[in-house]
Amino acid sequence: MPESTETKGISRRSLLGGAALAAPAVAGLAGLAGTGGDRAHAGNGNTHAGHSEFPHAAFAAGRTVNHRANGFNPTELLRDFDYGRTRRLASGRVVREWEIFAQDREIEVAPGVKYEAWTYNGRVPGPTLRAREGELLRIRFVNASEHPHTMHFHGLHPSFMDGMPGIGENRGGGQIEPGESFTYEFEATPFGIHLYHCHVAPLAAHIARGLYGAFVIDPKQGRPEADEMVMVMNGFDTNFDLSNEVYAVNTVGFHYIDEPIQVQRDSLVRIYLVNVLEYDPLNSFHIHGNFFDYFPTGTSLEPTEFTDTVIQGQAQRGILELKFPYDGDYMFHAHVSEFAELGWSGFFRVGDPSRLTAAAAASMYCDLPWGKGSPA
Amino acid sequence: MEAGARAERNFGAGLPTWALGLIPLALIVAAIAGFALLGGPGLGERTGPPVEEVAIETTVLRPGEIELTLRNDGPDPVEIAQVAVNDAYAPFAAEGGREIDRLGSTSVTIDYPWIEGEAYEIFILTSSGGTVDAAIPVATETPEEDVGFFGLMALLGIYVGVIPVSLGMLWLPFVRSLGREWLGALIAFTIGLLAFLAIDAGLEGLEIAGEAPAAFGGAGLVFLGGLVAYLVLAGVDAYLAQRSEKAKASGAGAAGAGYLALLVAIGIGLHNLGEGLAIGSAYASGALALGAFLVVGFAIHNTTEGLAIVAPLRDRSPGFGRLLALGLIAGAPAILGAWIGAAAFNPSLGALLFGVGVGAIARVIVQIAPVMRDGNGRLLYPATVVGIVAGIAVMYLTGLLVSV
């Protein structure tokens with residue numbers, strides 16, 4: 001929420017104050033200035049290049065983020081679950097292992113806007129680590145950054161595995177200095193959607209720089225088959241004024257406007273939603289034309305709510321399950337509208353995009369329940 | 001010859017003067033070129049990220065779009081990446097390109113359905129993630145610069161400049177009916193008025209300079225403008241004095257009085273140029289509601305300027321044409337200022353013009369002050385002190401009518 005602390009541009013009001021010229025707002029000759037630009041807001045939901053029509057906030061046309069240079073693409077990152085490597089102990093217990101390195105890296109968070117990020121495995125958010133309840137997890141953390149970092153997991157574990165500076169240094173843990181490494185080891189519990197992040201002070205800066213990721217623990221019995229995706233709601237304070245200039249899910253502002261998330265009609269979609277947003281107390285997720293079952297923290301298999309909007313504070317997370325009954329493009333965005341217009345907006349594209357013509361829409365209308373001769 | 005002998009011992013003796021002037025210049029150019037070509041030996045690479053400073057020079061609002069003119073005020077090139085209006089990213093086009101070199105400028109046209117009367121805050125995100133903020137306190141469509149617009153600005157200048165000053169000159173008969181002993185007090189009153197205007201213009205110039213690119217001088221422009229205006233007026237004065245020994249000899253006599261009135265008119269005119277500039281730019285940006293109240297306020301505030309012009313004319317009976325000319329010299333620059341301010345406002349130019357006004361007034365004060373001297377040659381005695389303070393007080397009190 002950028003605040004203009006110092007306005008370098010011309011504030012004509014202050015100019016007038018100095019000139020001792022500003023008058024009480026008496027209308028008069030001012031009418032000669034003509035009328036302002038109050039125009040109808042064009043509302044074509046399918047045009048989002050945003051030329052003169054301004055259907056919704058968007059970045060300037062003709063330019064996109066270079067995902068190749070970034071080393072990750074939010075479209076791929078969405079369904080990218082990192083299961084690590086597994087092996088089975090003699091006892092029959094599964095050990096799941098990952099190697100994560102912290103790395104300083106410049107990433108493009110909006111077209112043309114570079115940010116000196118701190119990353120896990122070169123990407124923001126870090127890899128979505130996924131395990132099954134009860135497994136033994138070993139995460140070898142190598143700090144290849146120029147700054148001290150840790151991995152602090154949300155979950156059940158002993159204090160020296162907490163990734164907390166000042167605790168566990170005598171066992172090689174605690175704060176991990178540049179060039180050092182440590183292996184976090186704990187049991188995957190409880191099942192749900194969790195997160196991990198760096199816990200080195202200053203905490204807000206270490207998190208805001210990009211050191212966070214989602215951490216999924218599946219229940220032993222699993223969950224119903226679904227098209228699963230991870231959405232980490234984040235933001236970037238590019239000018240370091242302790243407020244964010246760019247908001248997003250999975251880092252790149254408006255990415256899913258430019259590349260809508262393709263899903264199938266009538267099939268179950270499961271979203272692992274995590275809020276890591278720094279500097280703003282709340283974030284939210286809202287979907288158009290649909291409702292979802294919400295499982296807070298994913299720690300229960302029974303939803304607590306059937307809704308279309310959910311609010312999360314920092315580190316709050318939950319699982320969303322929904323089906324799209326109709327083809328078309330459906331927006332999803334923070335219903336903190338400011339965040340939505342500063343990048344945290346996207347589209348689900350249901351079905352075949354070629355059907356999104358007027359003719360197709362008309363034929364779709366025939367498929368509607370009330371279009372089939374149901375009682376008026 | 002002794003001089004010749006010394007010259008023979010000196011380096012470069014015997015060379016023509018033009019060569020002595022040019023050789024050091026050539027050596028300086030060669031040294032700088034060599035330094036630049038070698039990349040500044042010994043200085044190494046710069047440390048730290050680039051410094052981005054961008055000033056917003058003009059803001060133009062048209063239906064559905066906002067146009068900003070940006071100038072790169074920092075040492076490094078700046079690339080504009082994105083633009084947000086009231087915390088919403090908006091599509092935009094950069095007419096002069098997104099890259100702005102040092103001291104270069106570009107204009108950014110933002111698509112945005114702004115609403116009349118609302119306030120807007122714009123931030124421009126650069127490629128390094130830095131932000132440049134711009135504010136539109138009250139959105140209103142920027143007037144088209146057609147004949148009607150310039151006509152309106154001229155009318156505005158006449159309202160706030162020519163008419164009030166001319167009205168103020170109607171005090172001439174009153175001034176002439178006062179006794180000779182009142183002359184010092186009258187001049188002192190004029191000096192008080194001028195001192196107020198100088199301070200007012202100086203402060204306003206400094207305020208505008210705060211928004212101007214520092215690379216072009218910023219606040220320095222106010223002082224430079226003031227110094228140059230003072231020197232130019234002093235030079236013109238000396239030149240005229242040379243040409244007319246009579247005027248110089250007569251001092252505060254009849255001819256000198258007309259000359260002093262002209263000087264006061266010029267000083268006030270240069271001040272009104274800056275004032276017109278401020279009004280014009282404020283009008284164009286919609287921050288100024290041109291109500292009858294404001295025009296009345298200006299009439300009262302600026303009529304005192306007319307009194308200042310006629311004060312030196314106590315002992316003269318100038319023709320109507322001459323008085324009209326003085327009124328136009330003092331008031332008409334407000335028209336020109338309003339045109340410049342509305343059509344091509346630029347904070348650097350504004351700061352410079354306000355500085356010119358200050359310098360001109362300072363010169364006028366210095367020039368007319370001797371007229372205040374009493375029989376003992378004193379400048380400050382009870383009558384003149386009261387006059388100066390009264391002049392300042394009148395300007396201050398009438399100024400309240402045109403401030404918020």
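The chains referred to below are lettered A, B, ... by the order of the sequence lines, with proteins before strands, and numbering in each begins at 1.
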**Student:** Find out whether T126(B) and V113(A) are in side-chain contact, i.e. whether some heavy atom of one side chain is under 4.5 Å from a heavy atom of the other.
**Tutor:**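 Sidechains of V113(A) and T126(B): no contact.
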**Student:** I'd like to check K114(A) versus E79(B) (side-chain heavy atoms, cut-off strictly below 4.5 Å). Are they in contact?
**Tutor:**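 SC-SC contact between K114(A) and E79(B) ruled out.
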**Student:** In Å and rounded to the nearest 0.5 Å, what is the CZ to CD distance from R63(A) to Q82(B)?
**Tutor:**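 Between R63(A) CZ and Q82(B) CD, I get 7.0 Å after rounding to 0.5 Å.
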**Student:** Report which part of F254(A) has an atom under 4.5 Å of a heavy atom belonging to chain B: side chain, backbone, both, or neither.
**Tutor:** side chain
**Student:** Looking at E118(B), I want to see if its CD is surrounded by more than 12 non-hydrogen atoms of other residues, nucleotides or ligands under 6.0 Å.
**Tutor:**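 Correct, the count exceeds 12.
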**Student:** Less than 4.5 Å apart, side chain to side chain, heavy atoms only: is that true for V246(A) and Y89(B)?
**Tutor:** yes
**Student:** In terms of heavy-atom proximity below 4.5 Å to chain A, should S127(B) be classed as side chain, backbone, both, or neither?
**Tutor:**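 Contact with chain A: backbone and side chain both.
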**Student:** Take atom CD of E106(A) as the centre, draw a 6.0 Å sphere, and report whether it contains more than 12 heavy atoms from other residues, nucleotides or ligands.
**Tutor:** yes
**Student:** Decide if atom OH of Y396(B) counts as having more than 12 heavy atoms of other residues, nucleotides or ligands within a radius under 6.0 Å.
**Tutor:** no
**Student:** First locate atom CZ of F59(A), then atom CG of L125(B), and finally report the distance between them rounded to the nearest 0.5 Å.
**Tutor:**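 Here the interatomic distance stands at 8.0 Å.
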**Student:** Any non-hydrogen side-chain atom of F123(B) less than 4.5 Å from a side-chain atom of E245(A)?
**Tutor:** yes
**Student:** Please flag which part of I80(B) lies under 4.5 Å from any non-hydrogen atom of chain A: side chain, backbone, both or neither.
**Tutor:**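 Backbone of I80(B) only, per the 4.5 Å heavy-atom cut-off to chain A.
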**Student:** Identify the two heavy atoms, one from A81(B) and one from P111(A), that lie closest to each other, and give their separation to 0.1 Å.
**Tutor:** CB-O, 3.8 Å
**Student:** What distance do Y247(A) atom OH and D87(B) atom CG have between them, rounded to the nearest 0.5 Å?
**Tutor:**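 The distance works out to 7.5 Å.
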